[in-house]
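Okay, so here's the structure we're looking at.
In what follows, chains are A, B, ... by sequence order, proteins preceding strands, each numbered from 1. The figures here come from the full heavy-atom set of this structure, side chains too, leaving out hydrogens, waters and symmetry mates.
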Number of protein chains: 4
Amino acid sequence: MTDTTPKRRRRKDARPAEIVNAAMDVFVEHGFANAKLTDVAKRAGVAKGTLYLYFETKEDLFRATAREALTANLEALEQSSAAFNGSIADLVPMLLKRAAGRMGDGRVPGIVRMVLAESRAFPDLARIWHDEVVARILGRLTELVSAAQAGGEVRAGDPGLFAISIVGPMVLGVLFQEVFGSDSQHAPELGMLATQHAETVLHGLLVRS
Amino acid sequence: MTDTTPKRRRRKDARPAEIVNAAMDVFVEHGFANAKLTDVAKRAGVAKGTLYLYFETKEDLFRATAREALTANLEALEQSSAAFNGSIADLVPMLLKRAAGRMGDGRVPGIVRMVLAESRAFPDLARIWHDEVVARILGRLTELVSAAQAGGEVRAGDPGLFAISIVGPMVLGVLFQEVFGSDSQHAPELGMLATQHAETVLHGLLVRS
Amino acid sequence: MTDTTPKRRRRKDARPAEIVNAAMDVFVEHGFANAKLTDVAKRAGVAKGTLYLYFETKEDLFRATAREALTANLEALEQSSAAFNGSIADLVPMLLKRAAGRMGDGRVPGIVRMVLAESRAFPDLARIWHDEVVARILGRLTELVSAAQAGGEVRAGDPGLFAISIVGPMVLGVLFQEVFGSDSQHAPELGMLATQHAETVLHGLLVRS
Amino acid sequence: MTDTTPKRRRRKDARPAEIVNAAMDVFVEHGFANAKLTDVAKRAGVAKGTLYLYFETKEDLFRATAREALTANLEALEQSSAAFNGSIADLVPMLLKRAAGRMGDGRVPGIVRMVLAESRAFPDLARIWHDEVVARILGRLTELVSAAQAGGEVRAGDPGLFAISIVGPMVLGVLFQEVFGSDSQHAPELGMLATQHAETVLHGLLVRS
DNA sequence: CATGAATGAGCATTCATTCAT
DNA sequence: TATGAATGAATGCTCATTCAT
C-alpha cells in the first residue's frame with residue numbers, strides 16, 4: 001500500500017488534460033461550430049456529461065484547448081530562444097530548420113489553421129495568440145535582425161519587415177501542406193524549403209547581387 | 001405593359017449575382033457554419049425562400065460564392081500575367097506591389113481567410129482553389145524563375161521553392177492584417193512590405209552576399 | 001374575391017393566441033418546470049419550432065401566458081366594478097355570487113394555483129399579479145367598506161382587513177376545490193359558500209350578536 | 001475505542017432527519033422540480049451519494065419531507081385541539097390568534113405554498129395532506145360549530161361552510177404574505193387580522209346585525 | 001417567380017442516479 | 001457507511017429547408 005492515491009482520483013486529475021487532448025483533435029478536424037461534444041467525449045473515453053464537470057460550456061472547452069495548444073507551442077519557442085548568440089547567417093538556417101522539423105510531425109499546423117479559422121469568432125483568442133506567440137516570435141526575430149544591423153551584418157531596412165521576409169515562406173509552406181495536402185505538385189517539402197529559403201533570404205535570388 | 005423588359009425580369013437575371021454577393025460578405029464575416037441564410041437573404045434584399053430558387057442548399061450557395069470569389073481573383077491574376085517579359089529583378093517588385101495593392105482594399109484577404117478556414121470542411125473547394133488560383137500563381141512564378149535561371153539571372157535551386165520565397169511574406173502579411181488587425185506593433189504595412197521584401201528576396205539580407 | 005386576406009396570414013395572426021391558449025393548459029397542468037414545449041406545440045397543433053416564431057424562450061411564453069390569464073381575469077373584474085353603488089349588505093352577496101360563478105367553470109382556479117406555485121420562481125410576475133389583480137380587487141373592496149363605514153353601515157375597524165374577511169373564504173373554497181378536488185367531504189360548494197358566507201360576514205355567526 | 005457510541009453512530013441516526021430538514025428548506029425555496037439534490041446535500045453537510053443511502057429517489061425524499069412537514073403541523077394541531085370546551089365566542093379568537101402566531105414565525109407558510117404548488121404533481125400527497133391536516137382542522141371546527149348550534153349559540157346554517165368562513169381569511173392572509181411579501185399596501189398583519197376577523201365573523205360587519 | 005410561416009432534425013446542456021473507492 | 005466522479009436520458013433551442021399562397 002505504498003500508493004495511497006486511489007485510481008479514481010488519479011484519473012480525475014488527468015481528465016481535463018485527456019479531454020482537452022481529445023478536444024484538440026476534434027476542433028482541429030471540424031472547427032468549433034461543427035465539432036460535436038459527443039465526439040469529443042467519445043474520443044476522450046468519457047460520457048458527454050463528464051465534459052461538464054471540467055468545462056462550463058463548449059466555448060469554454062474550446063478556449064482551454066486553444067490555450068493548451070498555445071502552451072505547447074510556447075515551450076518549443078522558449079527552447080529556440082536560447083539560440084540568441086551567433087550571426088544571422090548561422091541563426092536563420094537553424095531557426096528555419098527547427099521550425100520545419102516542429103511543423104512536420106505534430107498537430108501544430110492544424111492548430112495554426114484552426115486559429116486562423118476561428119479568429120473571427122473568437123477575437124479575444126486571436127489577441128492572446130498574437131500576444132503570446134506571434135508577437136513573441138516576430139519580436140525576438142526583429143531584435144536579432146536589429147542587432148545584426150547594428151553589427152553591420154544586415155543591411156539597412158525595417159527589421160520587422162525583414163523578420164517577415166524570413167518566416168513568411170515557412171508559414172506559407174506549412175499552410176499549403178495543411179490546406180492542400182502534400183500531393184500537390186507545388187507542395188513544398190518543409191525541410192528543403194527551410195534550407196533553400198534560408199539561403200535565399202540571406203543572399204538573394206540573383207546570381208550577383 | 002408595353003415594356004416587355006420589365007424591372008422584374010432585369011432584376012431576375014441579376015438575382016443570383018446579388019445573392020452571391022451578399023453571401024460573400026456573410027460567409028467571410030461569420031464562416032460557413034455560423035452564417036445564417038436569413039442574413040444572406042436580408043442583405044440581398046430578398047426573402048429566405050428566394051435563395052432556394054437559385055441555389056439548392058446552403059452548401060451550394062457557399063460553393064457558388066467560393067467559385068465567384070475565385071473568378072474575381074483570377075481576373076486580377078490574368079492581368080498580372082501579361083507582364084510576362086522583363087527580368088526577374090523588374091518583375092518581382094512589380095508583382096508584389098500589385099499584390100499589395102489588390103489585397104489592401106477589397107474583400108480578398110477575407111476570402112483567403114475563409115478558404116483556409118473552410119478547406120477542411122470543403123476539401124473539393126480547396127482543390128479547386130488550389131488548381132485554379134494557387135497552382136496557377138505558383139506555376140507561373142515558377143516558370144518565370146526557371147526562365148530566369150536559364151537566362152543566368154537567378155542562381156541554382158528549386159524554382160518552386162524560390163516562388164514560395166517570393167510570395168510567402170506577402171501572404172503572411174495579408175493574413176496577419178486579416179487575423180490580428182492592423183493595430184498590432186508587428187502588423188506590416190503591405191506596400192512597404194512589398195517593396196522591402198522584393199529587395200530582400202532579390203539581393204539578400206546580408207550586407208555583402 | 002372579397003376576402004383578400006390569405007389563409008396563411010389569417011392563421012399567423014391567430015397563432016400567438018392559439019399557442020398561449022395551449023400553453024395555459026400545459027402550464028396549469030404541469031407547472032412551468034415540468035411543462036414540455038413539445039406538449040404545448042402538440043396541443044396548439046404546431047411544430048416545436050413554431051413556438052419560437054412568436055416567443056423567444058419558454059420563460060417568455062410562460063410570461064405571455066401569465067399575462068394573458070391576467071387579462072382574462074381583469075375583464076371579469078371590470079364588469080364587477082360597475083356594481084359600485086348600493087349598500088354593502090346588497091353588494092357583498094352579489095359579488096361573492098359572481099365570484100363563485102366565475103370560478104366554477106373556467107380555468108381561473110387552475111391559474112390561481114399556478115400563480116401561487118410559480119410566484120417564487122417568477123417574483124416579477126407575482127408583483128404584476130399583485131398590482132393588476134389582487135391590489136385592485138382588495139383596493140376596490142376596501143374603498144367600498146370605507147364608504148360604508150362613513151355612511152354608518154359598517155362598524156369601526158380596518159377596512160382592508162374587513163375586505164379580507166369578505167373574500168378570504170371564497171379564495172379558500174376555490175383553492176380547496178382546485179387542490180383537493182370536489183369529492184372531499186369538506187369540499188365546499190362554491191355557490192352555497194358564497195350565499196352563506198355573505199350572510200355570515202354581514203351578520204355574524206352568533207345568534208344574537 | 002472504549003466508547004461504543006461514537007459520534008459517527010450518533011450522527012448516523014440523525015442523518016435522515018438532518019437531510020429532511022435541509023430538503024425542506026430547498027424544496028420550499030425552489031419547488032420540487034427546481035430543487036437540486038446537490039443543494040440539499042450541501043445544506044445537509046453530506047455528499048450527494050449519501051442521500052441515496054436513506055432515500056431511494058428525489059421523489060422519495062420529497063415525500064418524506066412533505067410527511068415530516070405534516071407531522072410538525074399536526075403537533076401544533078393537537079395542542080389546539082385540547083381547547084375543546086368553551087363557547088365559540090371564546091374559541092374563535094383564541095384559535096385564530098394561535099394560528100396567526102404559528103404562521104408568523106416558522107416555515108409553515110412556505111410549506112403551505114409548496115403543498116399547493118406540488119399538489120398537481122403529487123396528488124397522493126395532496127390526499128394525505130387533506131386527510132391528515134385539512135380534514136382534521138375543518139372537521140374539528142365543524143364539530144365545534146355544530147355543537148354551538150345545538151347549544152343555541154350559533155345560528156342555523158351549514159357548519160362546514162361556517163368553518164370555512166372562520167379560517168378562510170387567515171389562510172388568505174398567510175398566502176398573501178408568502179406570495180406577495182409583507183411590503184404590499186394590502187398585506188395584512190396576521191395578528192390584527194386574527195383579532196378583527198374573529199370579531200367580524202362572530203358579530204358581522206354591519207352595525208346592527 | 002417570390003414570399004415567409006412552418007417544420008423538425010440536431011445539438012448543447014442539466015441533473016438525478018449509480019458505483020468504484 | 002460515505003464519498004463524489006461519472007453517467008446518459010431528457011429537453012430547450014436553432015436554423016436549413018419546404019411549400020401553400
Side-chain angles (χ1 to χ4, degrees), chain A residues 4-13 15 33-41 44-61, chain B residues 8-9 11-12 15 33-42 45-61, chain C residues 4-13 15 33-41 44-61, chain D residues 8-9 11-12 15 33-42 45-61:
Chain A
T4 54
T5 320
K7 195 181 294 177
R8 184 70 78 95
R9 169 61 63 110
R10 227 180 303 141
R11 294 199 68 190
K12 190 205 166 190
D13 292 344
R15 276 287 148 84
N34 282 99
K36 299 176 210 336
L37 288 193
T38 305
D39 288 350
V40 174
V46 301
K48 224 181 337 169
T50 304
L51 303 181
Y52 287 86
L53 293 178
Y54 303 99
F55 304 96
E56 302 255 331
T57 62
K58 184 188 183 181
E59 194 175 314
D60 204 49
L61 174 57
Chain B
R8 177 74 76 92
R9 175 169 300 256
R11 291 199 65 195
K12 175 202 159 189
R15 277 286 153 81
N34 282 99
K36 297 179 210 330
L37 289 193
T38 303
D39 288 351
V40 174
K42 221 174 289 171
V46 300
K48 221 189 328 175
T50 306
L51 303 181
Y52 286 84
L53 295 177
Y54 302 99
F55 305 95
E56 302 259 330
T57 64
K58 183 188 187 184
E59 197 177 310
D60 204 47
L61 174 57
Chain C
T4 54
T5 319
K7 193 181 295 176
R8 182 73 75 96
R9 169 63 61 112
R10 227 180 304 137
R11 296 198 67 193
K12 191 206 163 185
D13 292 346
R15 276 287 147 84
N34 282 101
K36 298 175 211 335
L37 289 193
T38 305
D39 287 352
V40 175
V46 299
K48 224 186 329 171
T50 305
L51 304 181
Y52 288 87
L53 292 178
Y54 303 99
F55 305 95
E56 303 254 331
T57 63
K58 182 186 184 184
E59 194 176 314
D60 203 48
L61 174 58
Chain D
R8 178 73 77 95
R9 176 167 297 256
R11 290 200 64 195
K12 178 200 157 188
R15 277 284 152 84
N34 283 100
K36 299 180 208 331
L37 289 194
T38 303
D39 288 351
V40 174
K42 222 174 290 174
V46 300
K48 220 188 330 174
T50 306
L51 303 181
Y52 286 85
L53 294 176
Y54 302 100
F55 305 94
E56 301 258 329
T57 65
K58 182 187 187 184
E59 195 175 313
D60 204 49
L61 174 57

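- Between D/E59 atom CD and D/L61 atom CG the span is 11.0 Å, to the nearest 0.5 Å.
- For the pair A/L53 CG and E/dT17 C1', the interatomic distance rounds to 14 Å; values are reported in whole Å.
- The backbone N or O of B/K36 lies less than 3.5 Å from no partner atom in the side chain of B/K58, so there is not a single donor-acceptor pair.
- The interatomic distance linking D/D60 (CG) with E/dT17 (C1') rounds to 13 Å, in whole Å.
- With E/dA2, F/dA5, F/dA2 as the candidates, the nucleotide lying closest to the side chain of B/R15 is E/dA2.
- Straight-line distance from the CZ atom of B/F55 to the P atom of E/dA2: 12 Å, rounded to whole Å.
- For D/A33, the side chain to side chain contact (heavy atoms under 4.5 Å, CB included) test picks out C/A33, C/N34, with sequence neighbours left out.
- Side chains of C/L37 and C/Y52 form a contact here, defined as non-hydrogen atoms less than 4.5 Å apart.
- Separating the NZ atom of B/K42 from the C1' atom of E/dT3 is a distance of 15 Å, rounded to the nearest angstrom.
- In the set F/dT7, E/dT3, F/dT3, E/dT3 carries the atom at the smallest distance from any side-chain atom of B/A47.
- The CG-P distance, from C/L51 to E/dG8, rounds to 12 Å in whole Å.
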Secondary structure string for DNA chain F (Watson-Crick or G-U under 3.5 angstrom, | for other-strand pairs)
.||||||||||||||||||||
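- The side-chain hydrogen bond (donor to acceptor under 3.5 Å, both in side chains) test applied to C/E56 returns no partner, not counting sequence neighbours.
- Partners of D/K42 by side chain to side chain contact (heavy atoms under 4.5 Å, CB included), not counting sequence neighbours, listed by chain and number: D/T38, D/D39.
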At under 4.0 Å between heavy atoms, which parts of nucleotides 10-16 of chain F does protein reach? Answer with one letter per nucleotide, 5' to 3': B base, S sugar-phosphate only, - none.
BSSBBSS
